[in-house]
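Below is one structure; the comments refer to it alone.
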Amino acid sequence: MQVLAASGLRLDLDVYDYLILALYFITVLGIGFAARAAIRTSADFFLSGRSMPAWVTGLAFISANLGALEILGMAANGAQYGLMTLHYYWVGAVPAMVFLGIVMMPFYYGSKVRSVPEFLRRRFNNGTHLFNGISFAVAQVLIAGVNLFALALVLQTLLGWPLWISIMLGAAIVLAYITLGGLSSAIYNEVLQFFVILAGLIPITIVGLTKVGGVDGLFEKVRQTPLGEPGLHTWANTGSTDNPLGASWIGIIFGLGFVLSFGYWTTNFAEVQRALSAKNMSAARRTPIIGAFPKLVIPVVTVVPGLIALVTVKGLGAESGDLQYNYAIPQLMRELLPNGVLGVAVTGLLASFMAGMAANVSGFNTVFTYDIWQSYVRKDRSDEYYLRVGRIATVGGVLIGIGTAFIAAGFNNIMNYIQALFSLFNAPLFATFIVGLFWKRMSAWAGFWSLVLGTLASLTLYLLHLGDVIKFNSDLDESFWGAGAAFVVAVIVALIVTQFTPSKPEEELRGLVYGLGGSTTSGDVILAADKVWWRNPVLLGAIALVLAVVLYIPVW
Amino acid sequence: MANESDASRRRVVRLFDVRLVIGGLFVVYGVIVTLIGLFDTSAEIAKAQGVHINLWMGIAMLVFGLLMLLWLRLSPPEPLPGATDDEADTAPSDDQD
């Protein structure tokens, strides 16, 4: 054991840690079996029968985002850029989540669509629908592969399990619980995982802060690192780009806060699906807003440990090996956590990788079944038939995910690979979506062409970057430009094509476009269940936004 | 017949309530980690910078788990949504919302 523990980042788990890990997996599979007993229709399987209370969907919403990639990545950013990482939470997430809940959810939930592509069919046409359905399905299995690969990498590094065994094991467990229990199973596990990951991360922050002498001690020690004083401010140095993040306030607010974050949160079906499973309109609207509150304070267990690692782990920030920024949290786990809470932390980390993959797979099987198979391949079959197709699609999605895990293995920085995927798939979709939502004249074919050409624009830049035809500063730089190009192209194409093709009649757009109220989006219906003040999405959203501003004050 | 399947369905709903799952797992975790904390050696406590982290986290998880179970006790789950649509007429009249 000594030999094993001595090598690199290997954690020395004892029998109790493994007991904690095993209990978690037994519970997860148990949820799958319990969910199976409750599932009767395809709507149960894909949308949890629209039955979930808001606190469950809200926590699942934030949990689908709180994958281990996010946790390890944000701790890494905390160590590398300091407190400016907070922008990813307070500018880059909370406003978009509130916007989704207040402005967009009435259209999604009220139009009774089962997926984001289906919304595009109603607003535009079949072509737009099919294109987005296929591109979404492809994106989901690619990202599922990233999650699976990252899971295996962590298992290999921390526990010494061989890479391919970890990939197979992770895939098998996700497959089992989604095939059995569908979205309900995925959502329940997300909520469970949310609490387990917190129980694993909180001890790191507590013990870590004790070690460095509290928050004051931490800040004092950060001042003595190369990051220094600028690492302890968020806005103070953003008049220019001379700050750790290298971004001005304009870039932070418009680039991160608007294009990237609105694109991610408002059109990402793997997220929106959680809200669509809520039991009524009010619960659906509160879903992302309830998720915004934990999002406000999650930096305490991600960014703060990143800073603690910066001042306690010698040599952190190496180009490769165990001292990369990405391993900030595993390093602290190894140094600070005794057996017991260590088992909880490892369980939380593994659980969050699986939750990430499960979110992708459950998004994939819904879109594949409803938007591709039922719409264009086999129409008008029985509900049991589509339930079966959904289960088969799940198996297919997981198998393809194993394949794409090996694609991800070819990228030396998986965060950059993820960013590239987002710039390809999310940025053009967001542009098409936002124009179509607020401009009723935008024609059906404008929707199709703006989505296709926006995606092509981003894809072209990406291929030119790969082929070294155009030089960018970094992979990340390319994906920002790719997202920007996709957004601009999609908007311009939408404007031009609308001039030459007919708009849809207003009657068909009721409830789908801002300003054209439908029976489901009128004020009375939306507000019916919101009479108690603490269930009012607008008030809750406003509180979240105010908190996001107030939290900035001590770290200005 | 209808009442029988209704009762079994209700059992499933109860078993399936996420508060039972979270509460149950955290009570078990809480007990395990608290026990580990009680028997922690001084080397382990020193590793955690002198904080009895197993003991504290164990107790915290136990309390959290019990609160989840208490919540479940105080407001039991509503019937499954399927029941409201296609089984509304078979549901017993003493059903509470």
Side-chain angles (χ1 to χ4, degrees), chain A residues 14 16-17 19-20 23-24 26-28 30-31 33-41 43-44 48-53 55-56 59-60 181 184-185 187-192 194-196 198-200 202-204 206-212 279 335-344 347, chain B residues 8-58 60-62 64-65 68 71 75 77-87:
Chain A
D14 69 10
Y16 300 108
D17 295 320
L19 174 67
I20 288 169
L23 281 172
Y24 185 81
I26 292 168
T27 310
V28 163
I31 292 175
F33 281 105
R36 183 180 171 84
I39 283 178
R40 288 186 174 178
T41 66
D44 287 346
S48 299
R50 292 185 183 247
S51 62
M52 296 283 178
W55 73 272
V56 170
L59 289 180
S184 299
S185 206
I187 287 184
Y188 275 37
N189 279 306
E190 277 160 7
V191 177
L192 182 61
F194 175 79
F195 292 110
V196 175
L198 282 186
I202 288 171
I204 299 180
I206 295 177
V207 177
L209 280 179
T210 311
K211 179 169 177 146
V212 296
K279 63 182 176 184
E335 274 186 29
L336 302 175
L337 297 187
N339 293 113
V341 287
L342 181 63
V344 179
T347 304
Chain B
S8 80
R9 206 157 152 79
R10 202 167 299 232
R11 245 193 324 276
V12 169
V13 173
R14 191 170 187 93
L15 189 71
F16 193 39
D17 193 286
V18 75
R19 292 168 295 181
L20 180 69
V21 179
I22 297 171
L25 188 70
F26 270 79
V27 166
V28 175
Y29 275 10
V31 170
I32 294 175
V33 175
T34 306
L35 284 176
I36 295 174
L38 284 177
F39 296 104
D40 259 348
T41 61
S42 51
E44 274 155 338
I45 292 167
K47 183 182 186 187
Q49 312 301 314
V51 183
H52 290 256
I53 194 71
N54 274 329
L55 195 56
W56 289 118
M57 282 310 294
M61 285 194 283
L62 186 58
F64 176 77
M68 275 284 164
W71 182 15
S75 83
E78 297 162 20
L80 268 190
T84 57
D85 288 346
D86 48 53
E87 292 180 4

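First the proteins, then the strands, lettered A, B, ... as listed; each starts at 1.
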Parallel, tilted or perpendicular, as decided by the 30° and 60° cut-offs, for the rings of A/F195 and B/F26: perpendicular
Distance, nearest 0.5 Å, that separates CG of A/L198 from CZ of B/F64: 8.5 Å
Non-hydrogen side-chain atoms of A/L23 and B/I32 separated by less than 4.5 Å: yes
Spatial distance of atom OH (B/Y29) from atom OG1 (A/T347) [nearest 0.5 Å]: 4.5 Å
Closest approach of A/P338 to B/N54 (non-hydrogen atoms, all atoms of both residues): CG-ND2, 3.7 Å
Set of side chain to side chain contact (heavy atoms under 4.5 Å, CB included) partners for A/I26, sequence neighbours left out: none
Atom group of A/V344 that falls short of 4.5 Å from chain B, counting heavy atoms: side chain
A/V191 vs B/V21 side-chain heavy atoms within contact, under 4.5 Å: no
A/I31 side, atom CD1; B/L25 side, atom CG - distance, nearest 0.5 Å: 8.5 Å
Contacting moiety of A/I20, where chain B heavy atoms sit under 4.5 Å: both
Interface moiety of A/V341 toward chain B, non-hydrogen atoms closer than 4.5 Å: both
CH2 (A/W55) with more than 12 external heavy atoms under 6.0 Å: yes
Atom pair CD1/CG of B/I36 and A/D14 - distance to nearest 0.5 Å: 6.5 Å
Exercise: identify the closest heavy-atom pair between A/P203 and B/M57: CG-CG, 3.6 Å
Point-to-point distance, once rounded to the nearest 0.5 Å, from CD1 of B/I53 to CD1 of A/I202: 9.5 Å
